Each structure stands twice: as C-alpha cells, then as structure tokens.
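Convention: sequence-line order gives letters A, B, ...; per-chain numbering from 1. Computed from a predicted model, the values in this text were never measured in an experiment.
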There are 2 protein chains.
Amino acid sequence: MDLIKIYECFCDQTRLRLLNVLSQGPLCVCHFQTVLAEPQVKISKHLAYLRARGLVECERQGNWVIYELPAKPSRELVANLACLRDCAQEDPVFKRDFARLKKIEPACAWVRAGEPENAPGQCRC
Amino acid sequence: MDLIKIYECFCDQTRLRLLNVLSQGPLCVCHFQTVLAEPQVKISKHLAYLRARGLVECERQGNWVIYELPAKPSRELVANLACLRDCAQEDPVFKRDFARLKKIEPACAWVRAGEPENAPGQCRC
DNA sequence: AAACCATATGCTTATTACGGAATATCAATC
DNA sequence: GATTGATATTCCGTAATAAGCATATGGTTT
C-alpha cells in the first residue's frame, strides 16, 4: 500500500510546506530556507525524507541541488497533491510561503528556466 | 494547521482501513474486528487514536459502542476522505474489507437502521 | 592545495508510535 | 451480587520521528 508513504510524508508541517511550495515548480535548497524561514538542517533532512519515499526528486548542479516533484508521479500522489493544494488555499502559513516565494522569484528564475549557466556565483537569497 | 491531524490518522494502514470501512456507514467495534480480522486491542486503540483527533465519533448503546464519521466534518476531512476513497478503489486490502463487510451486513443492520432495540443479546459476527 | 560555498550526514535527546499481554471498566443478565 | 460479554486502558518493549549541534561531503574558485 503506497498510500501510506504519501501520508507519512504529509503528516509533518515542514514537509507539507515544502511540497506546497514545490507545486509551483523546482527550487534549490537555499530557496527553501528563505521561503520557509527554517534552518538548513531542517530543510535538508525533510527533503531527504521526502526523497527516500519518492515524493521528490533531485539533481545536482554545481554547488546547488535542485529539488522537484517526480517527473512521473503515481496516480495517488497526483490526487493527494491536488487535494492538498485545495485544502491549503486559505491557510495563513501556506499563503505566507507563497508570498515569500514570489519575492525571491527573480533570484531563482534560472532554476525554473533550467539554465544552470545563469546560476549566480553565490546564493542571492 | 488541522490538516496535520488528518494525515497523522491517515498514515497507518489499520486506520486507513477503519476509515474506509466507516465511509459505508456506522459500525460497532466487534464488526470492525470481523471485517479487518485484527485483534480487539488493535482495533480499539486505533479507534481511540482517531477519536482523539476528531476523525470519528462514538456513542455507547448498551454493551456496544457505535463508531461513525463526524456528523459535521471539516472541509479538509471531506476532501481527504473523498481522495482516499478514490485512491483505495482498486487496492486488494480495501476490497477484501468491503467484501467481508457485505457478508456481515445482516448482522449489523440494526446499527445502520439506528435500532438499538434490535441489537442481539450476543455478538453475531 | 587551500579556502569557500551549498548541502548532507552523524550523533544525541526527547517525544511519539505500534503491538501484544494482562487487566480494568461498563452494561446486561442470571 | 456474581457472571458474562463488549470495549477500554495500562504496562511493557521496540522502533520511528523531530530537532539541533557539530562535522563531513562535493563542487568551485583562487
């Protein structure tokens, strides 16, 4: 029963926030730190947790590691992410994350565009 | 963030099975034992877990305790139960539970009908 | 190669979760 | 009131989780 893995990932607030933000597109770890305003260890560990259960995938690009939702997500994952997205609509925490995400959008445009050659020498967020 | 409580309840297989079966209507504990084919302690504890988080409600009727989904479920709960129902459609474990539920339907008709006066003197399942 | 940056991994502690065996509660019946 | 039936709780051991600190890794730059 693969559903369990999904719900194990969903039952922590930090992970829900990560997944919610990821629904807007790929990001690298430093961006998560800024958007969630949580320490690096915390972000990194929860991403590892998600990765171990197949809820996210990642790819290294130089110093940066880009995380994104699976390219071929299961039916269950799609359904539950949609449900989450729906439920999170009004939640202040999720809304705040989205607001901060919008703010740093310029700084992470190269990720979304898939242009590692445009990555800054140093993190800008 | 109330979503977390929901997902905490969802991340155990026994609880998912309980909720799935409950989606068909109220039942009492002995019925769950038969349908899930799990020991009494296990069923009772997981029902208590669900109750503590508001995912189920219960009412005593003589020797029996009837469990059901909340009369006024939150928007999030409704959405997630629907999603679960959708995802569980083809799962063999859930399907087996439904099959066993159908088998004992006569034995628990009085629960669904809300007729405690028709409860048998002794458990029939 | 040394310094630096972004990210990951041990290690520790506290908390919570799960299961089973035994026992307790609560209600009905004899 | 003693017994029986249905359900809940306690106690135990084990395992998983979450968080922080310190440190390690992998890659880039000088």
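Annotation: the span from B:C108 atom SG to B:F32 atom CZ amounts to 9.5 Å, rounded to 0.5 Å. Annotation: the span from B:C9 atom SG to B:L19 atom CG amounts to 7.0 Å, rounded to 0.5 Å. With rounding to the nearest 0.5 angstrom, the CD atom of A:Q24 is 10.0 Å from the CG atom of A:L69. Taken from NE2 in B:H31 to CD in B:Q33, the straight-line distance is 10.0 Å, to the nearest 0.5 Å. A:R75 contributes atom CZ, which lies 5.0 Å from atom CD of B:E90 (distance to the nearest 0.5 angstrom). Residue B:E38 holds its CD atom at 6.0 Å from CD1 of B:I43, rounded to the nearest 0.5 Å.
A salt bridge between B:E57 and B:K72 is absent, with no side-chain N of the basic residue lying under 4.0 Å from a carboxylate O of the acidic one.
Without hydrogens or angle criteria, B:R53 side chain to B:Y49 main chain gives a donor-acceptor distance under 3.5 Å.
As a whole-Å value, the separation of B:L27 CG from D:dA6 C1' is 15 Å. Put simply, CD on A:E59 is 16 Å from C1' on C:dA6, counting in whole angstrom units. In this structure, CG of A:L47 is placed 16 Å from P of C:dA6, rounded to the nearest angstrom. Between the CD1 atom of B:I4 and the P atom of D:dA18 there is a distance of 10 Å, rounded to whole Å. Following rounding to the nearest Å, A:Q13 (CD) and D:dA18 (C1') show an atom-to-atom distance of 13 Å. Distance CZ (A:R51) to P (C:dA8): 8 Å, rounded to an integer number of Å.
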Using atom names, set out every protein N or O paired with an N or O of nucleotides 23-28 of chain D below 3.5 Å, distance rounded to 0.1 Å.
unit_1	atom_1	unit_2	atom_2	d
D:dG26	N2	A:N63	OD1	3.1

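B:L3 is connected to A:L36 through a chain of hydrophobic side-chain contacts under 4.5 Å among Ile, Leu, Val, Met, Phe, Trp and Tyr, so both are in one cluster. By the criterion of side-chain heavy atoms lying less than 4.5 angstrom apart, applied directly or through intervening Ile, Leu, Val, Met, Phe, Trp or Tyr residues, A:L55 is grouped together with A:V65 in one hydrophobic cluster.
Looking at heavy-atom distances under 4.0 Å, A:V41 makes contact with a base. The residue B:F32 sits apart from the nucleic acid: no heavy atom pair falls under 4.0 Å.
Contacts with DNA chain C (heavy atom under 4.0 Å) in residues 117-125 of chain A: A:Q122, A:C123, listed by number.
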Fill in the blank from the handout: Scoring nucleotides 12-19 of chain C by protein non-hydrogen atoms under 4.0 Å (B base, S sugar-phosphate only, - none) yields -----SSB
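A donor atom on one side chain and an acceptor atom on the other are not found under 3.5 Å apart for B:D12 and A:Y7.
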